[in-house]
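Quick notes on the structure that follows.
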Amino acid sequence: MERLFRYGASVLLAAVAAALAYLLAAAVFGAHNAFFAPIAAVIIVGLSGGERFRRSIEVAGGVLVGVLAGELVSLLALPVGAALAITVLLGMGAAAMLRPTSLFTNQAAVAGVVTMILTPVTQAPPMLRLGDALIGGVVAISVAVPALFRPEVTLRSAVLAATDDLAHVLDDVHRGLADGVGDPDVPVREAVHAARHADALGDAYRQARESVRFGRRARRVASTLRRAALMRDEWLATTATAVWLARAARGLRRTETLGAARVSVPLDRLADAVREVGEWAGGIEGAPVARGETGTSADAEAVGLHVRRDLLALAAEVSAQLRSQTETSERVLLIAVRTLCVDLLRVTGMPHEAAVRAALP
């Protein structure tokens with residue numbers, strides 16, 4: 001159900017785009033020639049947003065290349081099997097030289113096959129397939145892009161969902177170390193699960209960037225897009241460190257080391273810092289920057305400076321504990337906590353070398 005909720009909007013858009021593309025193509029070319037427009041519309045809408053302009057160009061371009069290849073080969077008196085092979089070879093080869101993407105080359109091959117097989121049956125001009133593809137592309141973009149009236153809100157939701165999940169992992173680790181309650185395997189599974197947000201962040205970022213390319217809206221969310229891009233780029237590494245941290249805490253609990261309580265204090269503050277990272281990365285003008293309050297992008301930048309100070313203070317505190325800690329299992333956990341601080345500093349835009357130097361006073 002979670003996956004259906006995530007992709008439900010795209011599935012609905014694809015269904016609407018296919019129906020509208022068919023109706024429009026049928027009105028222009030006739031119902032018996034309107035089969036390629038809905039196919040193109042569904043391909044362009046797809047499950048992942050943010051690439052629809054590129055996909056529409058690649059579909060139309062691939063159809064053009066494939067139709068031209070099919071037309072050239074049809075001038076030769078060849079058996080159908082040989083003609084198909086040569087058409088696909090020419091179409092995909094030309095497409096690969098122009099733009100070696102799977103969508104572009106596959107569309108060139110499909111259009112070539114359609115030209116060789118279906119054109120004699122339907123008696124339709126080969127270039128009609130290009131018109132079909134153009135109609136499908138126009139309909140797909142017209143339906144999909146305006147559907148995201150406020151894509152920056154979707155982006156903010158994706159950012160907060162990612163940071164909330166990671167903060168929840170740290171809260172669970174903190175409670176387990178402090179009180180010894182709960183299954184130590186649960187935070188590990190949750191940390192692994194938190195990595196899934198990397199794809200959701202990428203999709204939300206591409207949708208927002210595609211839908212607000214120009215005008216005042218683009219300027220209003222430009223800083224949010226930059227911050228979200230930083231988080232998207234670093235999220236897999238950050239969650240990988242969280243998995244390491246959760247496993248180190250699990251190992252420490254299984255050894256029943258009483259001194260583990262000393263490292264539980266920074267973890268709850270680290271969870272708060274993770275939530276603040278979400279407020280910073282998802283802050284937009286007119287949107288909450290502190291859950292319930294509204295402000296400008298400057299407010300979000302102030303949150304960013306605050307969270308950096310908190311992370312640097314946490315890293316310094318953990319480094320001080322490391323200097324006095326001799327137990328291997330506890331050192332591993334402390335190093336993981338400090339590494340997560342460095343990863344979060346990188347999420348806020350601090351270069352890796354500067355983050356490492358600042359975290360190792």
Residues His168, Asp164; criterion side chain to side chain donor-acceptor pair (under 3.5 Å); working and verdict: CA-CA 6 Å; His168 181 69; Asp164 284 350; over 6 Å; no

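- The side chain to side chain donor-acceptor pair (under 3.5 Å) with Thr348 is formed by just one residue from the set Glu276, Arg308, Arg227; it is Arg308.
- Glu317 pairs with exactly one of Arg269, Arg323, Arg338 by the salt bridge (charged side-chain N to carboxylate O under 4.0 Å, His left out) rule, that one being Arg269.
- Arg253 places no side-chain N or O within 3.5 Å of a backbone atom of Arg250 that could act as its donor or acceptor partner.
- Here the side chains of His197 and Val159 are not in contact, with every heavy-atom distance at 4.5 Å or above.
- Screening Val139, Val138, Ile135 against Leu20 for a side-chain contact (heavy atoms from CB on, under 4.5 Å) leaves a single residue, Val139.
- Looking at Arg346, its side chain never comes within 3.5 Å of a backbone N or O of Ala355 through a donor-acceptor pair.
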Stepwise side-chain contact (heavy atoms from CB on, under 4.5 Å) test for Leu333 and Leu245: CA-CA 6 Å; Leu333 179 58; Leu245 188 155; 4.0 Å; yes

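- Through ILVMFWY side-chain contacts below 4.5 Å, Val186 is grouped with nothing and stands alone.
- Under a 4.5 Å side-chain heavy-atom cut-off, the cluster of Ile, Leu, Val, Met, Phe, Trp and Tyr residues that includes Tyr22 is completed by Leu23.
- For the atom pair OG1 (Thr105) and CZ (Arg99), the distance works out to 11.0 Å, reported to the nearest 0.5 Å.
- Glu330 is listed as a side-chain neighbour of Leu252, based on a closest heavy-atom distance under 4.5 Å.
- Looking only at distances, a side-chain donor or acceptor of Arg331 sits under 3.5 Å from a matching main-chain atom of Leu322.
- Under the salt bridge (Lys or Arg N to Asp or Glu O under 4.0 Å) criterion, Glu190 pairs with no residue at all, not counting sequence neighbours.
- Within the model, atoms CE of Met350 and CG of Leu345 stand 5.0 Å from one another, a figure rounded to the nearest 0.5 Å.
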Would you check, one step at a time, whether the test side-chain contact (heavy atoms from CB on, under 4.5 Å) holds for Leu103 with Gln107? CA-CA 6 Å; Leu103 179 59; Gln107 286 304 306; 3.9 Å; yes

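- Leu72 and Val80 fall into different hydrophobic clusters, where Ile, Leu, Val, Met, Phe, Trp and Tyr residues are linked whenever their side-chain heavy atoms come under 4.5 Å apart, directly or through other members.
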